[in-house]
Amino acid sequence: DIYSRYKRLKGFNVLHPMGYDSFGLPAEQYALETGQHPSVTTEKNIATFRSQLDKIGFSYDWEREVRTSESGYYRWTQWIFLQIFDSWFNRISNKAERITVLVKIFEAEGNSNHFCPGEKGQQFSAAQWHSLDEKGKQEILMDYRLTFSAYGEVNWCEALGTVLANDEVINGVSERGGHLVEKKKMRQWYLRITEYADRLLEGLERIEFSDAMKEMQKNWIGKSQGAEMDFAIKNHPTPLRVYTTRPDTIFGVDFMVVAPEHELVSKITSADQKEEIEKYLTYVKSRSERERLAEVKQITGCFTGAYAINPFDGREIPIWIAEYVLAGYGTGAIMGVPCGDQRDFGFAQHFNIPITNIIGDHFTGAEANATKEAILQHAGFLNGLLMKDAIHVAINKIESLGIGKRKVNFRMRDAGFSRQRYWGEPFPIIWSDGIALPLDAKELPLELPHVDTYGPGPDGEGPLANITDWVNLPNKAKRETSTMPGYAGSSWYFLRYMDPTNEQVFCDRKASDYWGQVDIYIGGTEHAVGHLLYSRMWTKILFDLGYIGHDEPFKKLLNQGMIQGSSRFVYRVRNTHIFLSSNRMGGTISEDEKLITGLASLSNEVDRIHVDVNMVDGVELNIAEFRKWKNGEYASAQFILEDGKYICGVETEKMSKSKYNTVNPDVLVDKFGADTFRMYEMFLGPVEQSKPWDSKGIEGVHRFLRKLWRLFYDDLKGKVWIEDKPTDAEMKVLHRTIKKIEEDTERFSFNTAVSTFMICVNELAELKCHKKEVLEPLLLLLSPYAPHISEELCSLLGSTVSPSLGSMDGAIYPVFNPALLVESSKEYPVSINGKVRTNIVIALDATQAIVEEIILQNEVIQKWLEGKAPKKIIYVKNKMVNVVM
RNA sequence: ACUCGGGUGGUGGAAUUGGUAGACACGCAGGACUUAAAAUCCUGUUCGCUGUAAGGCGAGUGACGGUUCAAUUCCGUUCCCGAGUACCA
């Protein structure tokens, strides 16, 4: 708001909108907790939010407000979904094209020039295409569509009969109720974002995101060059396909690791390993992906009893399964090279697998060495080659033998696009005989039907599945019952702001061409690998299809830090309703407590659960309120206390509804006013930096604003401002401030800008300057930061300009005059090799050459130098001179 | 665990390009005004040693090491905190 007010004062036409991304899990959860329909609570919360925003004095253009959960908006989210559904990615032209174009290609030449990106990767000729029935054709087209339906894993909670978000799962059990959660395959919708991986990488070079943000996106996309190759399996017909970026280490392979979910596991497991493998699979099933990757210190795995054959030296290589290998990445199988990879090394050591060394002295036996600079030894046809050269030699050999090929791999996976939830956009899709049929654009919006209960549907389907007369259509056709994820509506909202009420198109091309990219987008790094990738992808698709004229949505991104909250936790003993006070964990249990709770000891595993900070006084939990919380979900809770109190755990983290650690600005705004609140929030620290919310310094900013007021009005004397001509000293204060505030605001350094205002007002107070000619420009400078007081004082001064209205016709921002700052000369400290020796007078506009001459002619300095010629003379403008001997 | 940030007085932070570390503010201490309070104003406030005083000496930007005449800033190692890790968005 400060920046847009500033730009308006500078004469720009600023689009500064606000809206509500009101679909999604938090709104649905809140509805479940309070027993109200999400549309009601959303409406209420938006009203609260709006009144809070108004209180803080935001200058949003409310004519352009959007709400993603309103049919007038989500109609176009559905429409864009249909456009994406009707598109495929042509890898030759490197852009999205219509499905009709693809069908024409298939009819003419099959898919020989357009490799199938779908899982099956099938190949067919034109004749084969023609021979397929409609269902067969649609199945193939589904493998090309940029939104597609396929089977994927979800967090399934049998006890709740529902799919859970990762956020709702803690340590493998549901947060609600503490029930077991497992992986389950279900039909899902996906966004084929992998097809855009290269474009998303390339586009980063044309936009102003921070290097950190670009790096996060690059790493997430994770492009790697390597090879895919097949290893024959002893006594088994199907080969094992692995992906590796280091084919040069092929002679150092000592074991294979396959993802536990890999389809070969059940087929190759030997009879005597069967029992152990099954035990391990049950263990893995209960673990989240993050846990599987995270706990590397604790190495787990299980031998399948099968062996792969190294095609180059015929060695038999044991095949293991282990949780650190994920089915979704690469081929779901890796080759273990313990001498070159630390994780493989740890695995080999842990399971006593003998290690082959192919890099000589580079491998010490104590840890792996991932170098590419070693000369290969004991490595067959690669012997004597430098590893980085051997990579290509190895791939060529693999390709010539027909057992594998060069392959570019991406870490990024296609994005899951459906949720088994109620509060989201319904898919404009009808299933008929296994074929997904899109609705016609004229039938949009497909309104989200009203329901009275939003519990899960049968077989883990979303709540919409319960509305049979909505789901079931003539001829056994059924509507899609899942809804779109929260990020659907947020992937294109910036376009809707440009043309918010248009009922003919999502955004008129004239509007999007006029406004173009978002010039400055302010958002947190938490969006790095979600929203900021999805919206970039959607923009690229809409560009490819010709609906907009730019293919990157945001020209410049500013990462504002998060205002953090102080969270409170309770600790629930796993699979119980017993809660341990934080200092009792792992301690001893009393006989009374044993009797009441039935627990034998306190060394049980606990699940950490967020509680609402408003139920906690400092760190002490209000037990009565906790029992009433979430519709009485914890009514039957039992507590193990300390000194009769329940003490909560504390942590500073992102302020978020789901963490129940939010605080409300209203109290402060009521007490100090919006201007103080705005300036204090800026004064807290740099915008890019996260900081815990703390209001204890707000008095200082409030004092500053009162001091400013007293330059105009005195409590006793009333009006004190005058129309006299300012002195040079007063004009100097003003123009130094204009310069600094302008620089600070342009570089988003709002905290130092606030300090500059404070210094300026202190100096004017000291000079007893009450002159209109100085004060009026100061109010204009201040108006983006403190609009209310600026506006009021300007009108009391009888100003001809109104800072809060800004100006579309021309700038009213004060113009900096450098002539008013000029000083003739100044005394500088001169240091020799860093030690300050003397002072010297130098003109402010002196150049480096003049400074050097002065130094060389100065007798005192020459004495210090003892006639020796200095190596270098450094003149640090406005600060000091350093002579290097 | 991995990816990306961050760590400076009692506290929030400043130092924009490697150049006098601690601007500005909070807090604290002392003082002025006041019957008193609020409000306002003034002085001091990195730490240690030293001096009657003006001052002087030394250390100091999470820790250890390196580059440099000069490092909060660059490099290496390490510790701690935060964000993200694919169904929060």
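Lettering follows sequence order; numbering is per chain, from 1. As the structure is a computational prediction, the values presented were derived from the model and not from experiment.
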**Message:** Could you check whether A:D414 and A:T194, counting side-chain N and O atoms only, form a donor-acceptor pair closer than 3.5 Å?
**Reply:** yes
**Item:** P spacing across the pair B:rA21 / B:rA71, given as an integer number of angstrom
**Value:** 10 Å
**Prompt:** Contact class for A:K740 (heavy atom, under 4.0 Å): base, sugar-phosphate, or nothing?
**Reply:** base
**Prompt:** In whole Å, what separates the P atom of B:rG13 from that of B:rA70?
**Reply:** 31 Å
**Message:** Pairing donors with acceptors under 3.5 angstrom, does anything connect the side chains of A:Y785 and A:T745?
**Reply:** yes
**Request:** Compare side-chain N and O positions of A:R710 against OP1 and OP2 of B:rA39 and report whether any pair is under 4.0 Å apart.
**Result:** no
**Request:** For residues A:E653 and A:N661, determine if any side-chain heavy atom of one lies less than 4.5 Å from a side-chain heavy atom of the other.
**Result:** yes
**Request:** Mind checking A:N762 for me? I need base, sugar-phosphate or nothing, with any heavy atom below 4.0 Å counting as a touch.
**Result:** sugar-phosphate
**Message:** Suppose we call two aromatic rings close when their centres sit under 6.0 Å apart. Are A:F569 and A:H610 close by that rule?
**Reply:** yes
**Message:** Please classify the nucleic acid contact of A:N751 as base, sugar-phosphate, or nothing, using heavy-atom distances under 4.0 Å.
**Reply:** sugar-phosphate
**Prompt:** What is the distance, rounded to the nearest whole Å, between atom CD of A:E742 and atom C1' of B:rU16?
**Reply:** 15 Å
**Message:** Looking only at the side chain of A:M216 (C-beta and beyond, no hydrogens), which of the listed nucleotides B:rA25, B:rU3, B:rA15 gets closest?
**Reply:** B:rU3
Look for any protein N or O under 3.5 Å of an N or O in nucleotides 85-89 of chain B and output each such pair with its distance, or none.
| unit_1 | atom_1 | unit_2 | atom_2 | d |
| --- | --- | --- | --- | --- |
| B:rA86 | OP1 | A:R290 | NH2 | 2.8 |
| B:rA86 | O5' | A:N166 | ND2 | 3.2 |
| B:rA86 | N6 | A:R411 | O | 3.0 |
| B:rA86 | N1 | A:R413 | N | 2.8 |
| B:rC87 | O4' | A:R419 | NE | 3.1 |
| B:rC87 | O4' | A:R419 | NH2 | 3.3 |
| B:rC87 | O3' | A:N166 | N | 3.3 |
| B:rC87 | O2' | A:N166 | N | 2.6 |
| B:rC87 | N4 | A:Q188 | OE1 | 3.1 |
| B:rC87 | N4 | A:Q420 | OE1 | 2.9 |
| B:rC88 | OP2 | A:D167 | N | 2.8 |
| B:rC88 | OP2 | A:D167 | OD1 | 3.2 |
| B:rC88 | O4' | A:D167 | OD2 | 3.2 |
| B:rC88 | N3 | A:K654 | NZ | 3.4 |
| B:rA89 | OP1 | A:L25 | N | 3.4 |
| B:rA89 | OP1 | A:G486 | N | 3.4 |
| B:rA89 | O3' | A:D21 | OD2 | 2.6 |
| B:rA89 | O3' | A:G486 | O | 2.8 |
| B:rA89 | N1 | A:E526 | O | 3.2 |

**Message:** Are A:W492 and A:Y73 packed together at the side-chain level, in the sense that at least one heavy-atom pair is separated by less than 4.5 angstrom?
**Reply:** yes
**Asked** Which listed nucleotide (B:rU16, B:rU40, B:rC24) is nearest to the side chain of A:R706?
**Response** B:rU40
**Asked** Using the C1' atom in both, what is the distance from B:rU20 to B:rC69, to the nearest Å?
**Response** 15 Å
**Prompt:** When the distance from CG of A:L533 to C1' of B:rG84 is rounded to whole Å, what number comes out?
**Reply:** 12 Å
**Complete:** From CD1 of A:I221 across to C1' of B:rC4 the rounded distance in Å is 15 Å
**Prompt:** Taking the side chain of A:K691 as heavy atoms from C-beta outward, which of B:rG13, B:rA23, B:rC26 is closest to it?
**Reply:** B:rG13
**Prompt:** Under 4.0 angstrom, heavy atoms only, what part of the nucleic acid is A:Q564 near: base, sugar-phosphate, or nothing?
**Reply:** sugar-phosphate
**Request:** Say whether, by atom type as modelled, one donor and one acceptor occur between the side chain of A:T483 and the main chain of A:R421 under 3.5 angstrom.
**Result:** yes
**Complete:** To the nearest angstrom, the NE2-P distance between A:H702 and B:rU40 comes to 10 Å
**Message:** When you compare the side chain of A:P485 with that of A:F23, does any pair of heavy atoms fall below 4.5 Å?
**Reply:** no
**Request:** Calculate, to the nearest 0.5 Å, the distance between atoms OG1 and CG belonging to A:T68 and A:D21 respectively.
**Result:** 4.0 Å
**Request:** Classify the glycosidic conformation of B:rG7 as syn or anti, calling it syn when the angle lies within 90° of 0.
**Result:** anti
**Asked** If the C1' atom of B:rG22 is compared with that of B:rU72, how far apart are they to the nearest Å?
**Response** 11 Å
**Request:** Select base, sugar-phosphate, or nothing to describe what A:A212 touches, counting heavy atoms under 4.0 Å on all strands.
**Result:** sugar-phosphate
**Complete:** To the nearest 0.5 Å, atom CG of A:L164 lies from atom SG of A:C157 at 5.5 Å
**Prompt:** Which ranges of RNA chain B pair up as stems, where a stem means three or more consecutive Watson-Crick or G-U pairs with both distances under 3.5 Å?
**Reply:** B:1-7 with B:79-85, B:10-12 with B:24-26, B:27-32 with B:40-45, B:46-50 with B:55-59, B:62-66 with B:74-78
**Complete:** dist A:D744:CG -> A:S749:OG (nearest 0.5 Å) comes out at 4.5 Å
**Prompt:** P atom, B:rG5 versus B:rC75: distance in rounded Å?
**Reply:** 11 Å
**Request:** Identify whether any heavy atom of A:R747 sits under 4.0 Å from a base atom; if not, whether one sits that close to sugar-phosphate; answer base, sugar-phosphate or nothing.
**Result:** base
**Request:** Determine the interatomic distance between C1' on B:rG60 and the same-named atom on B:rC64; round to the nearest Å.
**Result:** 16 Å
**Item:** B:rA63 and B:rC80, which share atom name C1', separated by this distance in whole Å
**Value:** 10 Å
**Asked** What is the distance, rounded to the nearest whole Å, between atom CG of A:L684 and atom P of B:rC24?
**Response** 19 Å
**Message:** Using the ring centroid of each side chain, check whether A:F417 and A:F148 are separated by less than 6.0 Å.
**Reply:** no
**Message:** Distance check, C1' atoms only: B:rG12 and B:rG27, in whole angstrom units.
**Reply:** 11 Å
**Request:** Calculate the interatomic distance between A:I759 atom CD1 and B:rA23 atom P; express it in whole Å.
**Result:** 10 Å
